[in-house]
Novice: 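Let me begin by handing over the structure; questions about it come next.
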Amino acid sequence: MSKPEKPQRFASACPHDCPSTCAIEVEVHADGRVGRIHGTRDNDYTAGVICAKVARYSERLHHPDRLTKPLRRTGPKGSGQFEEISWEEALQEVSEKFLEAEKKHGPQTVWPYFFAGTMGLVQRDSINRLRNAKSYSGMYQTFCTNMAWTGYIAGTGKLAGPDPREMALADAVVIWGTNPVATQVNVMTHAIKARKTRKAKIVVIDVYKTETMKQADIGLVLKPGSDAALACAVMHVLFRDGYADRAYMEKYADAPAELEEHLKTRSPQWASEITGLSVEQIEELAKLIGETKKTYFRLGYGFTRQRNGVVSMHAASCIAVVGGHYQYEGGGAFHNNGAIYGLNMAMVEAHSLHDSSIRKLDMSQVGRVLTGDSAALMDGPPVTAMLIQNTNPVSVAPEQTFVKEGFAREDLFTVVHEQFMTETALMADIVLPATQFLEHDDIYKGGGHQNLLFGPKLVDAPGEAKPNLYVLNELIERLGGEDHEAHKMTSREHIDWMLKNSKYPGGLSELEEKRWLDCQPDFEEAHYINGFGYEDGKFRFKPDWAKVPAPNNGPMGPWQQMPALPDHWDINELPTRDYPFRLATSPSRSFLNSTFNETPSSVKKEGRPTAILHADDAAALGVEEGDKIILSNHRGEVILHASVGDRPQKGTLIAEGIWPNAAHEGGNGINTLTSADQTAPFGGAAFHDIHIAVRKA
Ligand SMILES: Nc1nc2c(c(=O)[nH]1)N[C@H]1C(S)=C(S)[C@@H](COP(=O)(O)OP(=O)(O)OC[C@H]3O[C@@H](n4cnc5c(=O)[nH]c(N)nc54)[C@H](O)[C@@H]3O)O[C@H]1N2
Ligand SMILES: Nc1nc2c(c(=O)[nH]1)N[C@H]1C(S)=C(S)[C@@H](COP(=O)(O)OP(=O)(O)OC[C@H]3O[C@@H](n4cnc5c(=O)[nH]c(N)nc54)[C@H](O)[C@@H]3O)O[C@H]1N2
Ligand code: SF4
Ligand SMILES: [Mo]
């Protein structure tokens, strides 16, 4: 008997919507099957570590339920009755229907809709080229980053910060509003290295005891939406006890004296009331931060998914300026490195064809848009045709009652290009089978680190699955989209153009040879030693909220009411008599948004839709471990099973993970309860800011 041949290993990058963007090595067997996936050891951010769900990716890649043929709906919407058709028939039908819709209502009736199911810049963003070539409706991207980015940029003027690898050189690491053990595992690698080599203290701030908090020296469980109060009290102590770096602020900040005066009343006692933390806990945190100049603040997305989330992010980032932490290696506040890459997207998206007068519909308000809400439609024509790639709105978008009603509309023609029969694909008129990342070429940039990475096509796709780029180029041609040289380019040509027309003259060949490009700016730039991102070089304690240089659609939400200086902003969906509890819909470890909820080992690990609550609340409600409970508010109700303990504070519940609606008894998923209200100042969905009633089923 001959020994099985050893699989070959190829370099790639994880394509998922995760700040870690891991450098990976993929085992490919002689028969074309993919084996284990490993974290790349010689990449010093990934450092050989990846999450379990991607290590066992072969399960998702070679899944028997992969879509392999174009499908046409034959039964009622959502019935799951489809017939197989050829690509030619599918593309023909889509273009006919889109042209028909356009003839009736104008081009803006077509709404190409996408998100970050793949973070590959070619396969993710090329859909905007179709949009631009046809003058279809724009899409305002509000699912994820708006509030976090706006809040961080408000202070620094720029979306970048101290080298994430410096976490390992810190004497304290404050992991704030993120759960990296689940959502970006590499943060833990570097934080734990700091503890091992420098005895660094790890602080975790969340609304419940997470897996990350289990590893912390100091774990603070506060009330949802109270982070700015905690930040203010910490700064109060820094000023009060002589830890504030006044010389630094004089040189680097806009209004230090005003801030100091304003914070005089924001004491630990004041913040204790708002956060539910004890005065001692707040004092302990402030002392640690004050005494430790090498404190690395790793600020996540989670605490910004609140109506006051922008203010919280900004307030947390201010601490590192009051304490002067930014000056030190291993110190400062980091959120995301988006601004360091400077990639030119003009070709992929055909910017020369873009018409900025065309409306940009808020993706989080897809339910309102599809049910004819005129404000959500920006007083324009109805949406009667959609092409959806890389996202699963009939699970992940807020206000599911409207989302489901909208997608069930008989006069809406929906095309979904997908890897699996998701809940969104089930509502489609035409379903197109999509490749996975190892089946196409793409380029990836790390939000949580400093690398550009290349992910080559390594294996053939199953059946007739095709990349996004193929579908878009075919449709642009059939729809008579405005001409552009980009329409004829391959993915590799796009990557090469993008690099050479940015600051990477070596193009794709250099990237491919090196596997990744380390784009880390030097210490001075990353630590803002030569000044912050605003023209005058000063950090803003007092930002002009309507003019923060963040990606935006113009000011919206109650932005005029935003506090001028860091403060607790009481604008959240607070408990009422009818809805006395608060809910956060935190991520689960084995799903990534709605991805992996099709993968048997992930489903097994997650069990069933569960709500975590405090034992005292459970006792008052007569609820015991494992009981079926109903969470409800004016948007609808959802059935889950109770997990009782001491993980959140009293009054707060946590539902981890986005299960399909259909995985819940009664068919309503967790986003039945979430809101699509636009938060201030530039929009964004407050997924963790929900009031609810709770009862035993
Ligand atoms: N396993 C897994 N990994 C993921 C994802 C996933 O769903 N599962 N999602 C991916 C995506 S798209 C993104 S954007 C990132 C996001 O990753 P993170 O930056 O980690 O953000 P969130 O996942 O929204 O939430 C993180 C934590 O914030 C907490 N939180 C909620 N409200 C508050 C609050 O008011 N204050 C504080 N202090 N904490 C609060 C939640 O309980 C949660 O534990 O993760 C990515 N990685
Ligand atoms: N309740 C609640 N809801 C949330 C959140 C929360 O914390 N709580 N988080 C929100 C956040 S931060 C985000 S980012 C969104 C994300 O939610 P989604 O945008 O739905 O993100 P994913 O589940 O990552 O990916 C969606 C789909 O993209 C498909 N896909 C992947 N690669 C490709 C490709 O190359 N081509 C095509 N055609 N399809 C592909 C996958 O198969 C998957 O079904 O969810 C938001 N919704
Ligand atoms: S940690 Fe994030 S980037 Fe790394 S392999 Fe897992 S999902 Fe991908
Ligand atoms: Mo996200």
Side-chain angles (χ1 to χ4, degrees), residues 13-24 37-39 45-46 49-55 57 60 66-67 113-120 122-124 127 141-146 148 180-189 301-302 304-305 363-364 387-398 400 416-425 432-437 439-440 442 444 446-449 453 465-469 471-472 583-589 591-598 655-659 669-674 684-688 690:
C14 176
H16 285 291
D17 190 0
C18 168
S20 278
T21 316
C22 291
I24 58 177
I37 293 191
H38 307 267
Y45 188 75
T46 302
V49 179
I50 59 168
C51 65
K53 59 192 179 302
V54 169
Y57 211 83
R60 188 167 189 273
R66 280 287 297 273
L67 295 171
Y113 190 93
F114 76 108
F115 205 57
T118 173
M119 291 285 278
V122 177
Q123 309 298 348
R124 187 187 70 191
I127 194 169
Q141 300 188 36
T142 55
F143 271 173
C144 183
T145 58
N146 275 40
V181 166
T183 62
Q184 43 170 335
V185 62
N186 312 82
V187 165
M188 300 313 288
T189 308
Y301 289 98
T304 72
R305 305 197 197 289
M363 71 179 313
S364 295
L387 167 66
I388 300 178
Q389 290 183 323
N390 319 331
T391 183
N392 184 13
V394 190
S395 287
V396 308
Q400 279 293 308
V416 177
H417 186 202
E418 247 302 344
Q419 299 163 347
F420 290 96
M421 188 56 79
T422 59
E423 292 193 294
T424 307
L432 303 171
T435 42
Q436 291 191 4
F437 77 112
E439 300 156 357
H440 57 234
D442 219 331
Y444 305 87
H449 55 75
L453 302 100
K466 302 266 192 210
N468 294 0
L469 190 66
V471 170
L472 296 164
L583 174 71
T585 59
S586 311
S588 63
R589 187 166 179 177
F591 299 154
L592 197 151
N593 305 319
S594 71
T595 307
F596 297 97
N597 70 20
E598 74 293 295
E656 284 185 349
I658 312 173
W659 288 85
I670 203 66
N671 278 315
T672 308
L673 301 172
T674 53
F687 282 112
H688 304 325
I690 312 150

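Just follow the structure's listing: the first ligand is 1, and inside any ligand the first atom is 1. Values below: all heavy atoms of this structure, side chains included; hydrogens, waters and symmetry mates excluded. Since the structure is predicted, the reported quantities are computational estimates derived from the model, not experimental observations.
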Novice: Could you list which atoms of ligand 3 come closer than 4.0 Å to a heavy atom of Ser20?
Specialist: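 It comes down to these atoms of ligand 3: 1 (S), 2 (Fe), 3 (S), 4 (Fe).
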
Novice: As an exercise, identify every atom of ligand 2 less than 4.0 angstrom from a heavy atom of Asn671.
Specialist: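 In order of numbering, the contacting atoms are 1 (N), 2 (C), 3 (N).
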
Novice: Please answer whether the main-chain N or O of Val49 pairs with a side-chain N or O of Asn186 as donor and acceptor at a distance below 3.5 Å.
Specialist: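 Side chain of Asn186 to backbone of Val49, a donor-acceptor pair under 3.5 Å: yes, one is there.
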
Novice: So does Glu418 get a backbone contact from the side chain of Gln389, meaning a donor-acceptor N/O pair under 3.5 Å?
Specialist: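 Checked: no pair found.
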
Novice: What part of Thr595 sits under 4.0 Å from ligand 2 if we count only heavy atoms: the side chain, the backbone, both or neither?
Specialist: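 Within the 4.0 Å criterion, Thr595 contacts ligand 2 through backbone and side-chain atoms alike.
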
Novice: Nearest heavy-atom pair of Ala13 and Tyr444: which atoms, and what distance?
Specialist: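 Where Ala13 meets Tyr444 most closely, the heavy atoms are CB-CD1, 3.7 Å.
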
Novice: Within the structure, is a non-hydrogen atom of Leu432 found at a distance of less than 4.0 Å from ligand 2?
Specialist: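 Leu432 does not count as a contact of ligand 2 under the 4.0 Å cut-off.
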
Novice: Examine distances only and state if a side-chain atom of Glu598 and a backbone atom of Phe596 form a donor-acceptor pair shorter than 3.5 Å.
Specialist: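 It does hold such a pair.
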
Novice: Provide the number and element of each atom of ligand 2 under 4.0 Å from a heavy atom of Leu592.
Specialist: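 With Leu592 as reference, the close atoms of ligand 2 come out as 23 (O), 24 (O).
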
Novice: At what distance is the nearest protein heavy atom to atom 4 (Fe) of ligand 3, and which residue and atom is it?
Specialist: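 Closest protein heavy atom to atom 4 (Fe) of ligand 3: Cys22 SG, 2.3 Å.
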
Novice: Going by the atom numbers of ligand 2, which of them fall below 4.0 Å from some non-hydrogen atom of Arg305?
Specialist: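 Every atom of ligand 2 under 4.0 Å from some heavy atom of Arg305: 12 (S).
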
Novice: Out of Asn468, Asn593, Ile127, who gets a non-hydrogen atom closest to atom 36 (N) of ligand 2?
Specialist: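 Nearest heavy atom to atom 36 (N) of ligand 2 lies in Asn468.
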
Novice: Does Asp17, backbone or side chain, put an N or O under 3.5 Å from an N or O of ligand 2?
Specialist: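 No, since none of the N or O atoms of Asp17 sits under 3.5 Å from an N or O of ligand 2.
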
Novice: Which of the atoms of ligand 2 are close to Thr422, meaning less than 4.0 Å from one of its heavy atoms?
Specialist: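 Answer for ligand 2: 44 (O).
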
Novice: Can you confirm, on distance only, whether ligand 2 has an N/O atom lying under 3.5 Å from any N/O atom belonging to Gln419?
Specialist: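 Right, the criterion is met.
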
Novice: Determine, step by step, whether Gln123 and Phe437 satisfy the side chain to side chain contact (heavy atoms under 4.5 Å, CB included) criterion, reporting the C-alpha distance in whole Å, the side-chain angles of both residues, the deciding distance to 0.1 Å, and the verdict.
Specialist: CA-CA 9 Å; Gln123 309 298 348; Phe437 77 112; over 6 Å; no

Novice: Considering non-hydrogen atoms of the protein only, which is the closest contact for atom 15 (C) of ligand 2, and what is the distance?
Specialist: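 Here the nearest protein heavy atom works out to Phe143 CD1, 3.8 Å.
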
Novice: Tell me the protein heavy atom at minimum distance from atom 10 (C) of ligand 2, and give that distance in Å.
Specialist: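 Checked against all protein heavy atoms, atom 10 (C) of ligand 2 sits closest to Phe687 CE1, 3.5 Å.
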
Novice: Tell me: protein heavy atom nearest atom 6 (Fe) of ligand 3, and distance?
Specialist: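 The closest one turns out to be Cys51 SG, 2.3 Å.
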
Novice: Does only the side chain of Thr21 get under 4.0 Å from ligand 3, or the backbone, or both, or neither? Count heavy atoms.
Specialist: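 Within the 4.0 Å criterion, Thr21 contacts ligand 3 through backbone atoms alone.
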
Novice: Short question: side chain of Gln184, backbone of Val181 - any donor-acceptor pair under 3.5 Å?
Specialist: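 No.
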
Novice: Please confirm whether Glu598 approaches ligand 2 to less than 4.0 Å, judged on its heavy atoms.
Specialist: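 Glu598 does not count as a contact of ligand 2 under the 4.0 Å cut-off.
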
Novice: Does ligand 2 have an atom that lies less than 4.0 angstrom from a heavy atom of Gln123?
Specialist: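 Gln123 does not count as a contact of ligand 2 under the 4.0 Å cut-off.
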
Novice: Could you list which atoms of ligand 2 come closer than 4.0 Å to a heavy atom of Ala434?
Specialist: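 This gives 36 (N), 37 (C), 38 (N) as the contact atoms.
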
Novice: Under 4.0 angstrom from ligand 2, any heavy atom of Phe420?
Specialist: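 Not so, Phe420 does not reach ligand 2.
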
Novice: Give the atom numbers and elements of ligand 2 that come within less than 4.0 Å of a heavy atom of Glu418.
Specialist: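 Listed by number with element: 27 (C), 28 (O), 29 (C), 41 (C), 42 (O), 43 (C), 44 (O).
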
Novice: Return yes when His16 approaches ligand 2 closer than 4.0 angstrom through a heavy atom, no otherwise.
Specialist: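 Under 4.0 Å: no for His16.
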
Novice: Is there a side-chain contact between Glu656 and Phe591 in this structure, where contact means two heavy atoms from C-beta onward sitting under 4.5 Å apart?
Specialist: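 No. Closest side-chain heavy atoms not under 4.5 Å.
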
Novice: Could you check whether the rings of His16 and Tyr57 sit parallel, tilted or perpendicular, using 30° and 60° as the cut-offs?
Specialist: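 Answer is tilted, since the angle falls between 30° and 60°.
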
Novice: Please check if the side chain of Tyr301 supplies one atom and the backbone of Thr145 the other of a donor-acceptor pair under 3.5 Å.
Specialist: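 No: the side chain of Tyr301 does not pair with the backbone of Thr145.
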
Novice: Looking at Thr424 and Val394, would you say the former's side chain and the latter's main chain have a donor-acceptor pair under 3.5 Å?
Specialist: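 Yes; judged by distance alone, with no hydrogens or angles, the pair exists.
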
Novice: Report the nearest protein non-hydrogen atom to atom 2 (Fe) of ligand 3: residue, atom name, distance rounded to 0.1 Å.
Specialist: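 Answer for atom 2 (Fe) of ligand 3: Cys18 SG, 2.3 Å.
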
Novice: Mark yes or no for whether Thr142, through its side chain, and Ser364, through its backbone, hold a donor-acceptor pair below 3.5 Å.
Specialist: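 Present.
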
Novice: So is Arg66 in contact with ligand 2, going by heavy-atom distances below 4.0 Å?
Specialist: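 No.
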
Novice: Which bit of Thr118 is near ligand 2, meaning a heavy atom under 4.0 Å away: side chain, backbone, both or neither?
Specialist: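 Both the backbone and the side chain of Thr118 come within reach of ligand 2.
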
Novice: CZ of Phe687 to CZ of Phe143: how many Å apart, nearest 0.5 Å?
Specialist: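 That separation rounds to 5.5 Å.
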
Novice: Taking 4.0 Å as the limit for heavy-atom contacts, which would you say applies to Ser594 with ligand 2: side chain only, backbone only, both, or neither?
Specialist: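 Ser594 to ligand 2: contacts from backbone and side chain alike.
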
Novice: Indicate yes or no: at least one non-hydrogen side-chain atom of Leu432 is less than 4.5 angstrom from one of Lys466.
Specialist: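 They are not in contact (no side-chain heavy atoms under 4.5 Å apart), so the answer is no.
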
Novice: Examine the proximity of ligand 2 to Thr585 and report which part, side chain or backbone, both or neither, has a heavy atom under 4.0 Å away.
Specialist: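 Both backbone and side chain of Thr585 come within 4.0 Å of ligand 2.
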
Novice: Would you indicate whether the side-chain heavy atoms of Lys53 and Leu592 approach each other to under 4.5 Å?
Specialist: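 Yes - at least one pair of side-chain heavy atoms lies under 4.5 Å apart.
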
Novice: I'd like to check Tyr113 versus Asn390 (side-chain heavy atoms, cut-off strictly below 4.5 Å). Are they in contact?
Specialist: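 Answer no - side chains too far apart.
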
Novice: Quick one: does ligand 2 sit under 4.0 Å from the side chain of Val396, the backbone, both or neither, non-hydrogen atoms only?
Specialist: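 The answer is both.
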
Novice: With a cut-off of 4.0 Å, which atoms of ligand 3 are near a heavy atom of Leu592?
Specialist: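 It comes down to these atoms of ligand 3: 7 (S).
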
Novice: Report the part of Gln436 (side chain from C-beta onward, or backbone N, CA, C, O) that has a heavy atom under 4.0 Å from ligand 2; answer both or neither where that applies.
Specialist: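 The answer is neither; Gln436 stays 4.0 Å or more away.
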
Novice: Are any of the N or O atoms of Asn392 closer than 3.5 Å to those of ligand 2?
Specialist: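 By distance alone, the answer is yes.
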
Novice: Please examine the side chains of Phe115 and Val396, heavy atoms only from C-beta on, and report whether any two atoms are closer than 4.5 Å.
Specialist: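 Not touching, per the 4.5 Å side-chain cut-off.
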
Novice: Just jot down the ligand 3 atoms closer than 4.0 angstrom to any heavy atom of Val54, in number order.
Specialist: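 With Val54 as reference, the close atoms of ligand 3 come out as 5 (S), 6 (Fe), 7 (S), 8 (Fe).
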
Novice: Select one of side chain, backbone, both or neither to describe which atoms of Arg60 lie under 4.0 Å from any atom of ligand 2, heavy atoms only.
Specialist: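 For Arg60, the contact with ligand 2 is made by the side chain alone.
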
Novice: Report the part of Ile658 in contact with ligand 2, treating N, CA, C, O as backbone and CB onward as side chain, heavy atoms under 4.0 Å; options are side chain, backbone, both, neither.
Specialist: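 It is the side chain that touches ligand 2; the backbone stays farther off.
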
Novice: If I compare all heavy atoms of Pro180 with all of Met188, which pair ends up nearest, and what's the gap?
Specialist: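 Distance-wise, the nearest heavy atoms are CG-SD, 3.7 Å.
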
Novice: Hey, which atoms in ligand 2 end up nearer than 4.0 Å to a heavy atom of His417?
Specialist: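 Atoms satisfying the 4.0 Å criterion: 37 (C), 38 (N), 39 (N).
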
Novice: Side chains of Ile127 and Leu387: does their closest heavy-atom pair fall under 4.5 Å?
Specialist: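 The answer is yes, as the side chains (C-beta and beyond) meet within the 4.5 Å cut-off.
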
Novice: Any side-chain heavy atom of Cys22 sitting closer than 4.5 Å to one from Val54?
Specialist: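 Contact flag for Cys22/Val54 side chains = no.
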
Novice: Please state which protein non-hydrogen atom is closest to atom 8 (Fe) of ligand 3 and give its distance, to 0.1 Å?
Specialist: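 Answer for atom 8 (Fe) of ligand 3: Cys14 SG, 2.3 Å.
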
Novice: Are the side chains of Ile388 and Pro393 in touch, meaning some heavy atoms are under 4.5 Å apart?
Specialist: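 A side-chain contact under 4.5 Å exists here.
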
Novice: Does even one non-hydrogen atom of His440 get within less than 4.0 Å of ligand 2?
Specialist: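 Distance cut 4.0 Å: His440 passes for ligand 2.
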
Novice: Considering only protein heavy atoms, which is closest to atom 1 (S) of ligand 3, and at what distance to one decimal place?
Specialist: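 Checked against all protein heavy atoms, atom 1 (S) of ligand 3 sits closest to Val185 CG1, 3.6 Å.
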
Novice: Report, in ascending order of atom number, the atoms of ligand 2 lying under 4.0 Å from any heavy atom of Thr391.
Specialist: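 Here the atoms of ligand 2 in question are 18 (P), 19 (O), 20 (O), 26 (C), 27 (C), 28 (O).
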
Novice: Okay, side chain of Arg66, backbone of Ala434: is any donor-acceptor separation there less than 3.5 Å?
Specialist: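 Answer holds: yes.
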
Novice: Any idea which part of Asn390 is under 4.0 Å from ligand 2, heavy-atom wise: side chain, backbone, both or neither?
Specialist: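 Asn390 to ligand 2: contacts from backbone and side chain alike.
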
Novice: Closest approach of Asn392 and Glu423, non-hydrogen atoms and distance?
Specialist: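 Closest heavy-atom pair between Asn392 and Glu423: OD1-N, 3.9 Å.
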
